[in-house]
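Because the structure is predicted, anything quoted here is derived from the model rather than measured. Below, read A as the first sequence line, B as the second, and so on, with proteins coming before strands; counting in each chain starts at 1.
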Protein chains: 2
Amino acid sequence: MADTLERRAGRPAKNVLSRDLILATAITVLNRTGPEDFTMAALAKELGVKTPALYHHVGGKNDILAGMRQFVTAGIDYGVFKTLPWDEATVIWARSYRAAFAAHPYAISLLATVPVTGAHPTLVMYEEVSKGFRAAGWPEAKIVSAMVALENFILGSALDAVAPPDMMEPGDFAPDVPVYTNALRAGEGADPQLSRADQAFELGLAALVAGLAAFK
Amino acid sequence: MADTLERRAGRPAKNVLSRDLILATAITVLNRTGPEDFTMAALAKELGVKTPALYHHVGGKNDILAGMRQFVTAGIDYGVFKTLPWDEATVIWARSYRAAFAAHPYAISLLATVPVTGAHPTLVMYEEVSKGFRAAGWPEAKIVSAMVALENFILGSALDAVAPPDMMEPGDFAPDVPVYTNALRAGEGADPQLSRADQAFELGLAALVAGLAAFK
DNA sequence: ACCTGAACACCGTTCAAGT
DNA sequence: ACCTGAACACCGTTCAAGT
């Protein structure tokens with residue numbers, strides 16, 4: 001709560017809000033309350049303001065969701081394509097990409113479906129990745145497909161990473177699916193350092209990079 | 001509209017609704033209206049009924065969303081693991097999996113984030129895939145990771161498939177990202193039969209399967 | 001221009017009343 | 001048990017009034 005003082009109607013001497021403040025606070029509120037309770041009223045309350053005040057700085061709730069994307073994706077490291085071979089760079093990029101989304105568990109569920117439509121930061125990332133791939137000798141026509149395939153895997157993995165940990169548990173149905181249940185248990189013992197989701201991500205990432213190298 | 005006749009209050013002689021009818025109609029309404037306009041009122045209207053009547057057969061809107069999943073996933077073909085080698089079976093399974101979700105463009109955005117938590121049909125699919133992998137000599141501890149990695153890629157690809165086609169267009173920023181723009185154009189000419197999303201999916205699927213085979 | 005206060009249409013859900 | 005009708009709390013958004 002930024003301000004508990006009462007405020008009477010009329011323009012205040014100093015602005016209480018700004019677009020950036022609203023977006024940054026939105027991320028905080030969303031991560032605390034979850035998507036269900038992420039309302040304009042809850043956001044306004046956190047900012048110490050009445051709900052309609054928000055509309056002086058943002059277009060509405062959809063505008064806020066779209067604007068939050070840049071805060072989430074700010075942690076993605078695509079600079080490595082300048083210095084490392086494409087396959088090593090891809091692994092680092094993919095891990096930071098997944099981690100950036102997984103750090104905002106509720107944001108991802110809201111952003112996964114909201115289209116990006118030519119956001120500048122995303123395009124800059126595409127440019128850097130494309131450069132890295134081309135410098136490594138990738139044929140022009142396959143670069144975007146390879147990059148998108150990696151992105152698809154990363155986004156799916158981020159959704160998996162924020163899913164409830166018991167999501168794949170057979171529970172009472174275990175006797176019906178013995179082979180799967182055994183495989184699940186065997187996988188748990190494989191590497192105690194990594195979660196089930198982490199293991200799947202690392203195996204898939206290694207496989208995808210190796211496979212792409214072969215199809216280059 | 002199932003019924004335009006007026007109906008007075010009180011229990012009708014014959015039931016108008018059932019859980020299955022509500023779920024099947026929900027899919028239809030959602031695919032027509034989109035997630036924004038998919039309301040209990042719109043669903044009730046399509047069924048020729050007042051909104052509160054729905055609550056006699058389903059727990060609420062979340063229950064409806066969860067129940068819709070089985071209708072969406074009904075088209076997934078995992079029977080091929082019984083007859084084909086694991087890598088060929090995986091390709092067919094993955095294509096049908098992505099197609100099933102892509103056939104319900106709005107459902108996927110709502111279902112991508114709703115956890116499955118031990119739904120029986122999903123577990124049966126996991127069992128069949130696990131059996132196929134084990135029969136092919138996969139080590140027990142890696143089966144689930146490989147399957148989940150594939151699922152992550154498939155789900156991400158399905159989201160990509162239903163995204164607006166111009167989502168990756170640089171638009172006015174093209175001069176800022178020349179390498180990416182060139183690669184995008186080169187990719188478009190590569191195979192006129194396949195969409196940009198299809199090309200990325202097919203390349204990624206082939207790479208992932210080949211890579212997994214190498215890491216088996 | 002930027003805040004509050006009042007109001008609007010709509011949402012999911014509950015519950016009494018009717019058959 | 002299963003429908004309608006009326007009601008509830010809450011949602012995002014608009015707009016006049018105040019400074």
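- Straight-line distance from the CE atom of Met40(B) to the P atom of dC11(D): 18 Å, rounded to whole Å.
- Look at His57(A) and you'll find a side-chain N or O under 4.0 angstrom from OP1 or OP2 of dC3(C).
- Checking dC8(C) for Watson-Crick or G-U wobble geometry (two distances, each under 3.5 Å) identifies dG12(D) as its partner.
- Regarding Tyr55(B), its OH atom lies at a distance of 15 Å from the C1' atom of dA6(D), rounded to whole Å.
- Where Gly10(B) and Gly59(B) meet DNA chain C, the nucleotide closest to each residue was compared, and Gly59(B) sits on the side nearer the 5' end.
- Taking only side-chain atoms of Arg11(A), from C-beta outward, the nucleotide of dT13(C), dT19(C), dG18(D) with the closest atom is dG18(D).
- Under a 4.0 Å N-O distance rule, the pair Asp77(A)/Arg95(A) does not qualify as a salt bridge.
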Using salt bridge (Lys or Arg N to Asp or Glu O under 4.0 Å), reason through Glu127(B) and Lys82(B) one step at a time and then give a plain yes or no. CA-CA 11 Å; Glu127(B) 175 75 0; Lys82(B) 286 202 179 81; over 6 Å; no

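- For OH of Tyr106(A), the number of neighbouring non-hydrogen atoms (other residues, nucleotides, ligands) closer than 6.0 Å is 12 at most.
- Residue Arg7(B) places no side-chain N or O under 4.0 Å from the OP1 or OP2 atom of dC3(D).
- Ring-centre distance between Tyr78(A) and Trp93(A): not below the 6.0 Å cut-off.
- Phosphate contact (OP1/OP2 of dT4(D), side-chain N/O of Arg8(B), threshold under 4.0 Å): absent.
- Pairing for dT19(C) goes to dA1(D), judged as Watson-Crick or G-U wobble with the two contacts each under 3.5 Å.
- Mapping Ala53(A) and Ala41(B) onto DNA chain C via the closest heavy atom, the residue that lands nearer the 5' end is Ala53(A).
- Here the nucleotide nearest the side chain of Pro52(A), chosen from dA1(C), dA1(D), dT4(C), is dT4(C).
- One atom, CG of Asn15(A), and another, P of dT4(C), lie 12 Å apart when rounded to the nearest Å.
- Listed candidates were dC3(D), dT13(D), dT4(C). Nearest to the side chain of Leu17(B) is dC3(D).
- At whole-Å resolution of the value, CD in Glu36(A) and C1' in dT13(C) are 13 Å apart.
- The interatomic distance linking His56(B) (NE2) with dC2(D) (C1') rounds to 5 Å, in whole Å.
- A salt bridge is absent between Arg98(B) and Asp160(B); no separation between the charged side-chain nitrogens and carboxylate oxygens falls under 4.0 Å.
- Rounded to whole Å, the distance from NZ on Lys50(A) to C1' on dA16(D) is 18 Å.
- Contact annotation: Lys61(B) side-chain N/O to dG12(C) OP1/OP2 distance is under 4.0 Å.
- Protein atom CG of Leu54(A) is 13 Å distant from nucleotide atom C1' of dT4(C), rounded to whole Å.
- Taking atom CD1 on Ile22(A) and atom P on dC3(C), their separation rounds to 8 Å, with Å as the unit.
- Taking the side chain of Pro12(A) as heavy atoms from C-beta on, and the options dC3(D), dC3(C), dG12(C), the nearest nucleotide is dC3(C).
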